[in-house]
Amino acid sequence: MKRRLRLGMVGGGQGAFIGAVHRIAARIDDRFELVAAALSSDPQRAHASADEIGVARSYASWDEMARAEAARDDGIDAVSIVTPNHLHAPVATAFLNAGIHVICDKPLAMTLEEGEALAQLARDKKRLFALTHTYSGYPMARHARELVEAGEIGEVRVVQVEYAQDWLAKPIELAGDNRQAAWRTDPKQAGRAGCLGDIGTHAYHLAAFATGMLPIEIAAELHTFVAGRQVDDHIQAMLRYENGARGMLWASQVASGAENALRLRVHGTKAGIAFDQENPNELLFTPLGGATQRLTRGRVDSAVARDATRVPPGHPEGYLEAFAQLYKDAARQIEAIDAGVPVPPESRLLTTVDDGVAGLRFIDAVFESHATLVYSRVKNG
Ligand SMILES: NC(=O)c1ccc[n+]([C@@H]2O[C@H](COP(=O)([O-])OP(=O)(O)OC[C@H]3O[C@@H](n4cnc5c(N)ncnc54)[C@H](O)[C@@H]3O)[C@@H](O)[C@H]2O)c1
């Protein structure tokens with residue numbers, strides 16, 4: 001009988017956001033079982049959180065958990081890291097050193113140096129390091145990539161990606177009752193990149209995922225709209241690609257009226273495609289000079305979309321299933337690595353530590369460009 005992989009979790013205690021999403025995602029395909037956790041930096045809260053959701057082994061701290069789990073015959077196979085950003089690198093390092101596979105949320109680390117060291121460590125230890133860029137788990141985002149790869153839109157010319165939210169339009173971090181806002185606007189916990197690291201990296205990743213291309217040059221501006229905020233809350237960038245394509249990326253957490261508006265358009269020499277994360281069961285495909293086709297999940301002839309689909313056409317799937325797809329891919333890779341066999345090709349779209357390093361390089365390039373960016377005056381009238 002196949003056994004479920006034993007999963008541990010660091011972060012994700014009472015009142016946390018993404019930890020619960022990871023727990024749901026890990027269960028959807030029955031490949032994981034949560035058996036151990038250090039759910040909070042406060043030991044009492046960690047144990048109370050673990051009691052509430054029935055985790056067998058609750059630890060007061062993540063370093064104790066890494067040591068204890070590595071020493072057990074039935075220790076965890078993988079750990080999910082769902083803490084604020086500043087802990088990703090130290091926690092991942094401890095678990096990789098303990099020989100445990102890592103599934104970490106984004107952004108990968110506080111600095112590029114930290115990120116590159118993690119990538120090297122994962123290679124040295126021969127452990128999986130998955131990074132949860134959620135939006136690459138959608139069937140239609142995967143189909144978009146497949147269409148570009150197959151040349152269906154021709155040579156890519158224009159890449160337009162945006163990620164707009166409005167939940168930080170006011171200085172809610174000052175109220176003291178929104179912990180997600182508090183750490184995201186504190187450079188010591190979030191890193192020097194605010195909106196850029198939080199959702200700019202998601203937009204950057206989705207564009208790279210769908211097109212198969214990373215830009216070679218960037219011109220970018222960071223901006224902070226909310227007075228007194230210590231990190232950016234809006235960024236805009238222009239992208240240049242090796243094949244001559246041009247792109248634009250903007251991300252904002254102060255765009256009033258925007259909920260979770262991650263949108264991607266890619267135009268090639270033969271056709272254009274458009275994906276909207278708030279309507280993820282479809283992908284628009286428009287051939288040059290032709291009518292727009294609404295490609296729907298469950299009906300497109302696509303192996304990658306089918307693999308990421310769980311319910312029949314017309315039943316909506318969404319964010320949780322996209323997240324679950326990353327866990328499914330991670331399970332397939334962990335099982336293969338542990339069995340000493342090649343990872344199955346159908347899991348190849350899993351986002352990893354290398355995507356995290358690319359995101360950190362993007363952050364550095366944006367800061368470098370922002371420091372020297374020159375705007376030209378418009379000679380009106
Ligand atoms: N992939 C996505 O779409 C997505 C979405 C939201 C957040 N995230 C990422 O997930 C991470 C967490 O974000 P969130 O919004 O859930 O934050 P959160 O503040 O809601 O949760 C963080 C959790 O980490 C715990 N924690 C802090 N220090 C700890 C320690 N020393 N030991 C154990 N636990 C500790 C906190 O107690 C809390 O439970 C961030 O890196 C964020 O960028 C990713």
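We count residues from 1, following the sequence as given. Source: prediction; values computed, not measured. One-based numbering, in listed order, for ligands and for the atoms of each.
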**Fill in**
In terms of its nearest heavy atom to atom 11 (C) of ligand 1, the top option of Leu39, Val21, Thr83 is Thr83

**Item:** Distance from atom 43 (O) of ligand 1 to nearest protein heavy atom, with residue and atom
**Value:** Lys106 O, 2.7 Å

**Item:** Identity and separation of the nearest protein heavy atom to atom 17 (O) of ligand 1
**Value:** Trp183 NE1, 3.2 Å

**Request:** Name the option, out of Ser41, Gly197, Ala322, Ser61, that contains the heavy atom nearest to atom 26 (N) of ligand 1.
**Result:** Ser41

**Message:** Return the closest protein heavy atom for atom 21 (O) of ligand 1 as residue, atom name and distance.
**Reply:** Ala16 CB, 3.4 Å

**Prompt:** Around Met213, counting heavy atoms of other residues, nucleotides and ligands shown, do more than 12 lie under 6.0 Å from its CE?
**Reply:** yes

**Message:** Checking the N or O distance criterion of under 3.5 Å, is ligand 1 in contact with Gly13?
**Reply:** yes

**Asked** Between Asp307 and Arg332, is the closest basic N to carboxylate O distance under 4.0 Å?
**Response** yes

**Request:** Determine, for Asp30 against Lys328, whether the closest basic-nitrogen to carboxylate-oxygen distance falls under 4.0 angstrom.
**Result:** no

**Item:** atom 23 (C) of ligand 1: the protein heavy-atom neighbour that sits closest, reported with distance to 0.1 Å
**Value:** Gly12 N, 3.5 Å

**Prompt:** Can Met9 be reached from Trp183 by stepping across I, L, V, M, F, W or Y side chains whose heavy atoms are under 4.5 Å apart?
**Reply:** no

**Prompt:** Among protein heavy atoms, which sits nearest to atom 20 (O) of ligand 1, and what does the distance come to when rounded to 0.1 Å?
**Reply:** Gln180 NE2, 2.5 Å

**Nearest option to atom 5 (C) of ligand 1, as decided by whichever heavy atom of Asn178, Val82, Ile18 sits closest** = Ile18

**Complete:** shortest atom 25 (C) of ligand 1-to-protein heavy-atom contact is with Gly11 CA, 3.7 Å

